[in-house]
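Values reported hereafter were calculated over all heavy atoms of this structure, with side chains retained and with hydrogens, waters and symmetry mates removed. Atoms within a ligand are numbered from 1 in the order they appear, just like the ligands themselves. The residues of the chain are indexed from 1 along the displayed sequence.
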Amino acid sequence: MYTVMGSSSRLSYGFVLLLVCCCSLSVAHKHPLDPLSVGEHLAVRSILANSSLWCSTSTADCNVIASLEVDEPEKADVKAWAPGKKLPPRKAVVVTRLDKVVRKIIVNLDTEEIESSEVYEGYGGTALNRYEVGLLASIVSKYEPFLQSLITRGLNLQQVNYLPLSPGWYGVPDDEGKRIVTVQVFYSNGTENFYMRPIAGISVQVDVDEQRVHKFSDNWQGVPIPGSQNTDYKLEAQYPLLPPLKIISIEQPNGPSFTIDGYQIQWGDIWRFHLKMDSRAGTVISMAEVSDGDETKVWRSVMYKGFVSEMFVPYQDPTDDWYFKTYLDAGEYGLGAVSSALQPLNDCPRHAYFLDAVLSTPSGVPMIKRNAICIFERYAGDVAWRHTETFAIDGKTVTEVRPKVTLVVRMVTTVGNYDYLLDWEFQTDGPIRATAGLTGMVMPRGTKTTVVENGKGADGEELHGNLISENVVGVTHDHFLTYYLDLDVDGSENSFVESKMKTHHITPNSGVPRKSYWDVEKHVAQTEADARIKLSLVAPSEFAVINSKKTTRLGNDISYRLVPGGTAASLLDSADFPALRGAFINNQIWVTQYHKDEKYAGGQYTYQSHGDDTLAVWSSRNRKIVNEDIVLWYTLGFHHVPVQEDFPIMPTVTGGFELKPANFFEHNPILKTKPNTASEFANVFSSYLPRVERSINA
Ligand SMILES: [Cu+2]
């Protein structure tokens with residue numbers, strides 16, 4: 001009889017203890033890319049606190065850490081390292097903001113010394129942090145004109161909630177040099193849905209350095225606050241519940257096929273990679289290597305590093321209180337910093353394993369994010385390959401089918417109203433699929449309109465979206481997720497090939513019955529300018545990163561293809577302020593020469609940035625990308641015109657792209673896999689192969 005191994009929450013608890021134990025020992029690292037442990041965080045803080053780079057006030061009140069991460073060794077050093085060898089020096093890269101001065105500091109943890117300190121003097125700032133957010137309510141709630149606006153509306157001040165928003169950059173002279181947070185307000189009073197009762201018209205710009213209100217505006221115009229009815233999404237508010245489906249669970253009586261050793265994951269003899277959480281990028285996959293299966297059993301490099309580099313979410317309402325909403329979520333908030341604890345059984349299936357992460361707080365005290373990442377094998381009843389031989393040889397019917405199982409790494413980042421499920425899915429036949437699932441709340445705007453007529457609101461109001469409930473507009477917007485994909489296909493020296501599909505027309509009367517066919521023209525991109533790709537359905541191409549120094553036995557270039565999905569391009573005027581800051585989405589695909597500092601497509605310092613340090617700027621250097629260490633960038637895009645189904649919480653919308661082997665293996669790499677058999681299931685389950693017997697002759 002099959003014995004239940006224990007709930008996934010118990011399993012996850014086990015991992016928490018293991019990681020906490022591991023993290024408390026600063027010498028326990030197993031890999032040069034391992035994130036900083038709790039002990040290392042505290043050591044960095046102590047080294048800084050004893051330097052002139054720290055507050056002159058007490059250590060406890062010094063909220064100056066914008067980011068604190070391991071300073072990864074040079075790529076060559078990481079690749080040269082092997083288990084058993086001495087680790088390269090452990091260093092931390094710290095960005096601080098003290099007395100309005102932003103510094104990038106390298107701390108050597110081996111020598112316990114500050115190795116370098118560099119002041120940043122360009123445009124743009126560090127991500128909004130928890131300490132700054134904590135200041136806002138006390139500043140805004142004491143501002144008399146703001147209070148008067150709430151009183152004029154007859155509101156209960158205790159039920160007013162504050163939402164901190166990054167202000168973007170619009171070239172307003174009065175804003176230059178100030179660190180601004182725009183606060184907008186929402187009413188609870190009868191709902192626990194923070195967002196669905198917007199208090200229209202009020203915007204408060206706070207200068208967080210001066211801790212005072214910079215600008216205040218109230219463009220109310222009598223727009224009512226939407227009612228609280230039907231806004232609650234909590235379980236206890238839903239009555240009666242829909243008839244539930246019966247429970248579904250994946251059983252792994254023999255345990256999972258992956259192992260976790262520190263931050264290194266190995267899945268069977270198929271994939272191995274390093275996995276960690278970064279406060280800015282969220283999950284980071286490093287050194288993903290695939291095994292050459294039945295050929296040589298050699299681990300072959302595919303991707304040195306992959307992560308979500310930036311997320312651009314421009315709203316499309318140009319009116320007073322909305323035009324500025326053009327967020328760069330990774331740089332302005334931090335995808336890891338605002339990640340959510342994954343809920344066992346619902347965010348990830350019962351058999352998932354959960355990993356915690358250590359992140360820094362503004363004071364430098366480390367914080368453990370519980371259940372930050374989950375890992376599980378997915379079997380969704382899909383098929384990896386199959387064939388039934390219709391034209392049976394010697395009268396024998398042949399059917400061969402193999403089930404498809406994948407390995408999923410998941411996190412959720414909750415950037416205010418939106419939740420993004422970010423998955424990396426490794427497949428047995430070599431592809432890596434990156435997926436983003438969008439759910440949470442659409443950002444609502446209050447309106448006088450309760451029913452639309454001919455697509456317009458009350459008195460002909462332009463809604464800039466759809467009416468999704470009475471007095472609630474779901475404002476039109478986009479989501480762009482730009483991925484950093486440092487592919488190292490069988491080595492670091494790679495090139496990028498665009499294979500353009502071209503129609504050929506056949507000469508009339510040439511004896512060929514066809515009039516046309518298509519063929520592929522390969523073009524190796526020479527420089528970065530050659531690899532700025534706008535996707536087109538009518539002029540299609542295939543895209544691949546190749547290792548032109550290696551070929552298969554048949555002479556084909558060894559490569560990995562980028563298979564686009566979730567395609568959407570920017571519709572903004574290229575001279576628009578947000579389009580300058582978000583210029584990294586001007587193309588869906590870019591390829592750049594590897595540079596250690598070019599990681600974040602919107603620039604290192606994106607808060608109120610001017611767009612002078614983006615992927616578009618780096619690409620304009622037009623460096624050589626043939627047989628070089630190159631980085632591929634892909635932008636997953638979603639245009640979102642909200643609908644009533646998105647209220648009060650939107651069902652998940654999913655999009656993704658794939659990195660897929662193309663002449664990387666000598667043949668189908670999962671040919672020699674075995675099918676499931678009834679007997680192995682019969683050993684562990686009391687029933688299997690359910691059938692419905694019904695009369696088909698009646
Ligand atoms: Cu959306």
Side-chain angles (χ1 to χ4, degrees), residues 163-166 168 182 184 186 193-198 226 231 233 282 308-319 321-335 338-340 347 410-423 434-447 452 462-469 472-483 565-572 576 578-579 581-582 584-585 588 601-602 634-657:
L163 181 67
L165 300 168
S166 52
T182 298
Q184 293 194 334
F186 296 79
N193 186 325
F194 186 103
Y195 295 96
M196 286 305 151
R197 305 197 70 195
T231 58
Y233 57 93
V308 178
S309 172
E310 191 50 270
M311 204 185 281
F312 181 38
V313 187
Y315 283 80
Q316 306 300 335
D317 179 343
T319 57
D321 306 318
W322 273 77
Y323 74 89
F324 71 92
K325 297 184 180 186
T326 51
Y327 306 115
L328 296 168
D329 285 335
E332 293 176 341
Y333 300 96
L335 304 183
V338 298
S339 62
S340 290
D347 275 323
R410 174 170 296 166
M411 71 165 289
V412 168
T413 184
T414 304
V415 193
N417 52 311
Y418 250 92
D419 299 64
Y420 297 87
L421 291 127
L422 300 174
D423 285 1
T435 307
L438 284 54
T439 177
M441 313 291 162
V442 296
M443 185 58 88
R445 197 195 66 226
T447 173
V452 285
E462 282 294 342
L463 295 179
H464 302 293
N466 277 330
L467 195 68
I468 58 171
S469 182
V472 181
V473 174
V475 175
T476 303
H477 59 279
D478 308 289
H479 305 260
F480 297 106
L481 292 86
T482 298
Y483 284 75
T567 53
S570 176
L571 295 165
L572 295 175
D576 199 356
R581 304 176 68 228
F584 53 89
I585 64 156
Q588 289 75 57
Y634 181 69
T635 294
L636 200 56
F638 303 82
H639 298 305
H640 189 179
V641 183
V643 290
Q644 280 183 250
E645 287 85 347
D646 294 342
F647 181 88
I649 184 166
M650 63 176 278
T652 306
V653 172
T654 302
F657 65 93

Practice item. Please identify each residue that fulfils ring-ring contact (aromatic ring centres under 6.0 Å, His included) with Tyr323, with sequence neighbours left out. Key: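 ring-ring contact (aromatic ring centres under 6.0 Å, His included) check on Tyr323 returns Tyr170.
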Check your understanding: Excluding waters, which protein N, O or S atoms are within less than 2.8 Å of the Cu ion (ligand 1)?
Key ->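 N, O, S partners closer than 2.8 Å: Tyr418 OH, His477 NE2, His479 NE2, His640 ND1.
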Review point. So, Tyr195 versus Phe186, ring centres under 6.0 angstrom or not?
Key: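 Ring centroids of Tyr195 and Phe186 are less than 6.0 Å from each other.
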Review point. Do Asp419 and Thr439 meet the criterion of a side-chain donor-acceptor pair at a distance under 3.5 Å?
Key: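 The answer is no; no qualifying pair exists.
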Point to revise | For Arg445, all residues meeting salt bridge (Lys or Arg N to Asp or Glu O under 4.0 Å), sequence neighbours excluded | key: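 Once residues adjacent in sequence are excluded, the partners of Arg445 under the salt bridge (Lys or Arg N to Asp or Glu O under 4.0 Å) criterion are Asp317, Glu461.
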Check your understanding: What's the spacing between Thr447 OG1 and His464 NE2 if we round to 0.5 Å?
Key ->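 Spacing of OG1 (Thr447) from NE2 (His464) equals 10.5 Å.
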Atom pairs and distances, donor-acceptor, side-chain atoms in residues 637-648, under 3.5 Å, two or more places apart:
{"residue": "His639", "atom": "ND1", "partner": "Asp478", "partner atom": "OD1", "Å": "2.6"}
{"residue": "His639", "atom": "NE2", "partner": "Ala569", "partner atom": "O", "Å": "3.4"}
{"residue": "His640", "atom": "ND1", "partner": "Tyr418", "partner atom": "OH", "Å": "2.8"}
{"residue": "His640", "atom": "ND1", "partner": "His477", "partner atom": "NE2", "Å": "3.0"}
{"residue": "His640", "atom": "NE2", "partner": "Asp646", "partner atom": "OD2", "Å": "2.9"}
{"residue": "Asp646", "atom": "OD2", "partner": "Val643", "partner atom": "N", "Å": "3.2"}

